[in-house]
Undergrad: 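Mind having a look at this structure? Questions to follow.
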Number of protein chains: 2
Amino acid sequence: MTGAKPSPTRNTPQRAAVLRALGNCQDFVSAQMLHARLATADCAVGLTTVYRALHQLQASGQVDVVRDGTGERLYRRRSTAGHQHYLLCRDCGQSRPVDSRVVERWAERIGATSGFTDVEHTVELTGVCGRCRPTAH
Amino acid sequence: MTGAKPSPTRNTPQRAAVLRALGNCQDFVSAQMLHARLATADCAVGLTTVYRALHQLQASGQVDVVRDGTGERLYRRRSTAGHQHYLLCRDCGQSRPVDSRVVERWAERIGATSGFTDVEHTVELTGVCGRCRPTAH
DNA sequence: GTATTTGCAAAGTGTTTGCAGAATA
DNA sequence: TATTCTGCAAACACTTTGCAAATAC
């Protein structure tokens, strides 16, 4: 890792807008949603730029990325350091972080005993939150 | 579930071919791979039909479905009953089932205490298997 | 004989890339 | 000024759908 490119990363209004819009979102949003939201705001940003900005943020660990049911990527600015998992509402998209230490330890143990190296894990929990649950039935 | 459509599901050579090809695969395969494999075999099946057959198999619980890093769906005939998770080699695609009871219980507890209903979980473990690990470095 | 299934082609989705012009440092 | 960034349009990969012909029951 000695020759790692420093990633110049210039400051541009578009990138700032993406970060700001991301910060305004309580929950996970897709690149498309973010792009649409920025389009209505004063500072429109191209879809391509949104994707590129999100890639950089992902690479630098500033956003968490999950996949919804269709495989679409959803992004959220990371609040706490380290690994975090979420429970997503399938209906409204609301997310809440969950205590995943059990899973972390489990994944570590699998990595240690499986003969595999560089074991990574993805955990996605989805459900229907109280607000979205139909009262009847 | 009283009014569930019986799903006529006629017996066709194409569907049988998909199932057979799926059975021949030790590991997860994508619909595209399956289609390509069938194309080289004597009994070619249209890509559309492969997708539809896989959907039916998924609906009837005969295959497990995971997503690879790019969001592509991978299918594998289910051997054991119930829920099963796998550790996939990022390099060669080899899979091995892992003991996920810990995670199952964890997901259940989350479901019970979160206020969410119908909580489902997806767990994907990826790593590099012993055969694919470069010996040097 | 009738309803299902097939498979081609085309549409649809989310994402990535090529490239000329604009903007940053 | 030199390099990076932007953003449109087109390319891409995977998946789904429309519809006429073939097929299973």
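Here is how names work: the chains are called A, B, and so on, in the same order as the sequence lines, proteins then strands, and each is numbered from 1. Just so it is clear, the values below take in all heavy atoms, side chains as well, and ignore hydrogens, waters and symmetry mates.
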Undergrad: Return the value, rounded to whole Å, for the distance between atom CE of B:M33 and atom C1' of D:dT15.
TA: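 The answer, rounded to whole Å, is 15 Å.
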Undergrad: For the pair made of CD in A:Q14 and C1' in C:dT24, what is the distance, rounded to whole Å?
TA: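 Those two atoms, CD and C1', are 11 Å apart.
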Undergrad: If you measure from OG on A:S100 to CD1 on B:I110, what distance do you get to the nearest 0.5 Å?
TA: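 Between A:S100 OG and B:I110 CD1, I get 8.0 Å after rounding to 0.5 Å.
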Undergrad: In chain order, what residues pass the side-chain hydrogen bond (donor to acceptor under 3.5 Å, both in side chains) check against B:T113, with sequence neighbours excluded?
TA: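 For B:T113 there are no side-chain hydrogen bond (donor to acceptor under 3.5 Å, both in side chains) partners, ignoring immediate neighbours.
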Undergrad: D:dT6 P sits how many Å from A:L38 CG, rounded?
TA: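 Those two atoms, CG and P, are 12 Å apart.
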Undergrad: B:R76: what forms a side-chain hydrogen bond (donor to acceptor under 3.5 Å, both in side chains) with it, not counting sequence neighbours?
TA: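 B:R76 satisfies side-chain hydrogen bond (donor to acceptor under 3.5 Å, both in side chains) with B:S95 once adjacent residues are dropped.
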Undergrad: Mark yes or no for whether A:D99, through its side chain, and A:R101, through its backbone, hold a donor-acceptor pair below 3.5 Å.
TA: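 Yes; judged by distance alone, with no hydrogens or angles, the pair exists.
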Undergrad: Strictly by modelled atom types, are A:Q32 and A:Y51 linked by a side-chain donor-acceptor pair under 3.5 Å?
TA: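 Judged by distance alone, the side chains do pair up.
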Undergrad: Measure CG/A:L54 against C1'/D:dG7 and give the value in whole Å, please.
TA: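 Those two atoms, CG and C1', are 16 Å apart.
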Undergrad: Which residue pairs satisfy the salt bridge (charged side-chain N to carboxylate O under 4.0 Å, His left out) criterion with at least one member in residues 102-121 of chain A, sequence neighbours excluded?
TA: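 Sorted result for residues 102-121 of chain A: A:E120-B:R90.
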Undergrad: Please give me the minimum heavy-atom distance between B:S114 and B:V119, naming the atom from each residue.
TA: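 So the minimum-distance heavy-atom pair works out to OG-CG2, 4.4 Å.
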Undergrad: What string of B, S and - do you get for nucleotides 10-23 of chain C, 5' to 3', when a contact is any protein heavy atom under 4.0 Å?
TA: ----SBBB-----B
Undergrad: By ring pair (Phe, Tyr, Trp, His ring centres under 6.0 Å), which residues pair with B:H121, not counting sequence neighbours?
TA: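 In terms of ring pair (Phe, Tyr, Trp, His ring centres under 6.0 Å), with neighbours along the sequence ignored, B:H121 is linked to B:H83, B:H85.
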Undergrad: If we fit an axis to the first five pairs and another to the last five of the helix from C:dG1-D:dC25 to C:dA25-D:dT1, what angle do they make, to the nearest 10°?
TA: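 Inter-axis angle at the termini of the helix from C:dG1-D:dC25 to C:dA25-D:dT1: 30°.
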